[in-house]
Amino acid sequence: MGDRSSACSILHVDMDAFYASVATRDRPDLQDVPVIVGGGHRGVVLSANYLARQYGVRSAMPNTRARRLCPQAVVVPPDYDLFGQVSSSVMENFRRVTPLVEVLSMDEAFLDVRGSVRRLGTPLQIAEQLRATVHDEQGVTCSVGVASSVSVAKLASRRAKPDGVVVVPPEEVTSFLHPLDVGELYGVGEKTQAMLHRLGLITVGDVAHTPLRTLQRAVGEGLGAHLHALAWGTDRRAIVARNVSAFGGGDPDKSMGAQETFGRDTDDREVILREMLRLTAKVTSRMRVAGVAGRTVAITVRFADFTTITRSRTLPEATDVTQEIYRTATGLYDALGLQRARLRLVGVRVEGLVPRGTVHRQLVLGERERGWSDADRAVDRVTLRFGSAAVRPASLLS
DNA sequence: TCTGGGGTCCTAGGACCC
DNA sequence: TCTGGGGTCCTAGGACCC
């Protein structure tokens with residue numbers, strides 16, 4: 001095998017229509033009908049099976065539009081517990097192949113199989129074994145891209161879909177990459193794609209042959225350098241064995257937040273603040289489980305016309321105390337001075353998370369004396385700044 | 001009946017400090 | 001007087017990914 005196969009040892013495994021596949025796995029009645037996972041009255045499509053996709057249904061599409069495109073589709077609500085279980089089992093299958101598994105999300109992972117070829121065969125053979133195992137044991141299919149770098153492997157798996165494998169040997173990297181639309185590149189979304197197209201950069205090859213400086217002037221220093229590297233397939237990022245933090249064992253979160261779209265737009269301050277309290281409690285509860293505290297409190301407000309703003313404030317000390325965060329959030333909200341603006345969504349997020357152990361105990365644990373006096377001082381600050389009305393919602397707590 | 005929810009990273013300006 | 005140049009922190013917005 002030698003150089004050629006070991007140079008091509010990165011696998012990107014991507015489950016096919018994961019949520020939809022899992023949701024219909026044990027439902028013979030749903031095998032041959034279009035299926036949409038999502039539903040919910042103001043929501044979007046989370047996943048659609050390939051039958052539904054034939055009607056133009058796509059992930060992230062508003063449910064309303066999806067239903068118009070495919071009225072006969074069966075809509076299934078998501079069962080995240082089940083998705084998580086299947087995902088964990090699949091990732092376990094991967095780890096039997098190699099310990100170098102980098103989980104990207106519930107349905108995606110990179111594997112470096114360089115150390116497994118002697119035991120298991122060529123990367124292509126490993127990919128096929130993996131696909132067979134996942135299918136037999138989990139009853140869902142996946143697609144695999146094989147290449148010498150993570151970015152090319154990821155693009156190859158997309159090309160392999162559904163239920164296939166694509167290998168891109170090193171000598172074919174540029175002929176594989178350059179005909180693709182720039183929008184295929186990781187980090188190029190709708191906006192950047194449109195901007196690049198306006199500049200006449202349609203394909204990855206166009207980007208590759210644009211001077212780095214020109215590219216950076218157009219899309220910014222960081223993204224420009226990133227795109228240039230991707231366009232030549234020269235990124236050498238190594239795979240880091242890790243899980244996503246939702247499953248434990250991943251990198252620590254840098255922020256935690258919660259947001260919710262109202263069933264109906266509202267301008268009712270009581271309703272809005274009650275929702276913010278609920279979201280704050282949800283976040284601090286997760287923070288306590290993770291053992292973290294944070295210094296910066298940010299709120300998100302989305303108006304009926306979908307314009308969205310954020311406001312944030314950094315506290316002197318990290319905290320995980322619901323009252324403190326809620327009080328800061330309401331202070332930020334009231335400082336907006338909204339009159340009768342109708343809101344579609346509110347959100348609360350805590351940033352700058354650090355392990356709770358590194359913070360002064362008194363502030364974090366909400367112990368009676370220091371905790372309450374801190375709370376009092378926070379009330380004083382908010383009152384001083386925004387007037388007593390800003391503090392009143394705290395009474396919702398009692 | 002348009003447009004979720006969880007995140008990360010980048011940019012840019014102003015404050016502030018040395 | 002003609003005006004430095006980092007570096008870091010904070011805030012706001014925006015783009016992107018799954």
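Order of the sequence lines fixes the chain letters, A, B, ..., with proteins taken first and strands second; residue numbering starts at 1 for each chain.
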Roughly how many Å is it from CD in A/E317 to P in C/dC10, rounded to a whole number?
12 Å
Does the side chain of A/K282 get closer than 4.0 angstrom to OP1 or OP2 of B/dG5 through an N or O atom?
no
Side-chain donor-acceptor contact under 3.5 Å, A/D320 with A/T284:
no
Base, sugar-phosphate alone, or nothing: which one does A/L345 contact when heavy atoms must sit under 4.0 Å apart?
sugar-phosphate
Return the nearest nucleotide to the side chain of A/D253; candidates are B/dG4, B/dT1, B/dT8.
B/dT8
What integer distance in Å separates A/R42:CZ from B/dC2:P?
8 Å
Taking only side-chain N and O atoms of A/S255, does any of them lie within less than 4.0 angstrom of OP1 or OP2 on B/dT8?
yes
Where do A/H135 and A/D163 land on the side-chain hydrogen bond (donor to acceptor under 3.5 Å, both in side chains) test, with the steps shown first?
CA-CA 10 Å; A/H135 181 261; A/D163 198 13; over 6 Å; no
Check whether any side-chain N or O of A/R349 sits under 4.0 Å from OP1 or OP2 of B/dG5, and answer yes or no.
no
Base, sugar-phosphate or nothing for A/M256? Non-hydrogen atoms, less than 4.0 Å.
sugar-phosphate
For a quick check of understanding: with a heavy-atom distance under 4.0 Å over all strands, which category does A/R67 fall into, base, sugar-phosphate or nothing?
nothing
Return the value, rounded to whole Å, for the distance between atom CD of A/Q259 and atom P of B/dG6.
6 Å
Do the charged groups of A/R278 and A/E275 touch, with an N to O distance under 4.0 Å?
yes
Basic-acidic side-chain contact under 4.0 Å: A/R237, A/D235
no
Identify which one of A/R340, A/R42, A/R302 satisfies the salt bridge (Lys or Arg N to Asp or Glu O under 4.0 Å) criterion when paired with A/D265.
A/R42
Value for CZ (A/R349) from CE (A/M256), rounded to nearest 0.5 Å, stands at 9.5 Å
For a side-chain hydrogen bond (donor to acceptor under 3.5 Å, both in side chains) check, start with the C-alpha distance between A/D305 and A/T307, then their side-chain angles and the critical distance, and finish with the verdict.
CA-CA 6 Å; A/D305 69 357; A/T307 59; 2.7 Å; yes
Spacing of A/R242 atom CZ relative to B/dT8 atom P, expressed in whole Å:
11 Å
Could you check how far CZ of A/R302 sits from C1' of B/dG6, rounded to whole Å?
13 Å
Linking Ile, Leu, Val, Met, Phe, Trp and Tyr by side-chain heavy atoms under 4.5 Å, what else ends up with A/V219?
A/V152, A/L155, A/V166, A/V168, A/V173, A/F176, A/L177, A/L180, A/V182, A/L185, A/Y186, A/V188, A/M195, A/L196, A/L199, A/L201, A/V204, A/V207, A/L215, A/L223, A/L227, A/L230
Which is true for A/G257 with a 4.0 Å heavy-atom rule: it touches a base, it touches only sugar-phosphate, or it touches nothing?
sugar-phosphate
So, is A/R295 close to the C/dC10 phosphate, meaning a side-chain N or O under 4.0 Å from OP1 or OP2?
yes
What one should report as the nearest heavy-atom pair of A/A48 and A/A20 is C-CB, 3.9 Å
On DNA chain B, more 5' by nearest nucleotide between A/G220 and A/D305 is A/D305
For C/dG4 versus B/dC16, give the span between their C1' atoms, rounded off to a whole number of Å.
16 Å
Sorted by position of nearest nucleotide on DNA chain B, 5' first, the leading residue of A/F306 and A/T64 is A/T64
d(CZ, A/R344; C1', B/dT3) in whole Å:
6 Å
Find the distance A/H226:NE2 to B/dC9:C1' and express it as a whole number of Å.
11 Å
For DNA chain C, what dot-bracket results from Watson-Crick or G-U pairs at under 3.5 Å, with [ ] for crossers and | for inter-strand partners?
....||||||||||||||
Between A/D14 and A/R158, does any side-chain N to carboxylate O distance fall below 4.0 Å?
no
In whole angstrom, what separates A/E351's CD from B/dG6's P?
14 Å
Counting any heavy atom closer than 4.0 Å, what does A/A258 reach on the DNA or RNA strands: base, sugar-phosphate only, or nothing?
sugar-phosphate
Interatomic distance, A/S47 atom OG to A/R58 atom CZ [nearest 0.5 angstrom]:
11.5 Å
How would you summarise protein contacts on nucleotides 11-18 of chain C per nucleotide, using B for base, S for sugar-phosphate only and - for none, with heavy-atom distances below 4.0 Å?
SSS-SSSS
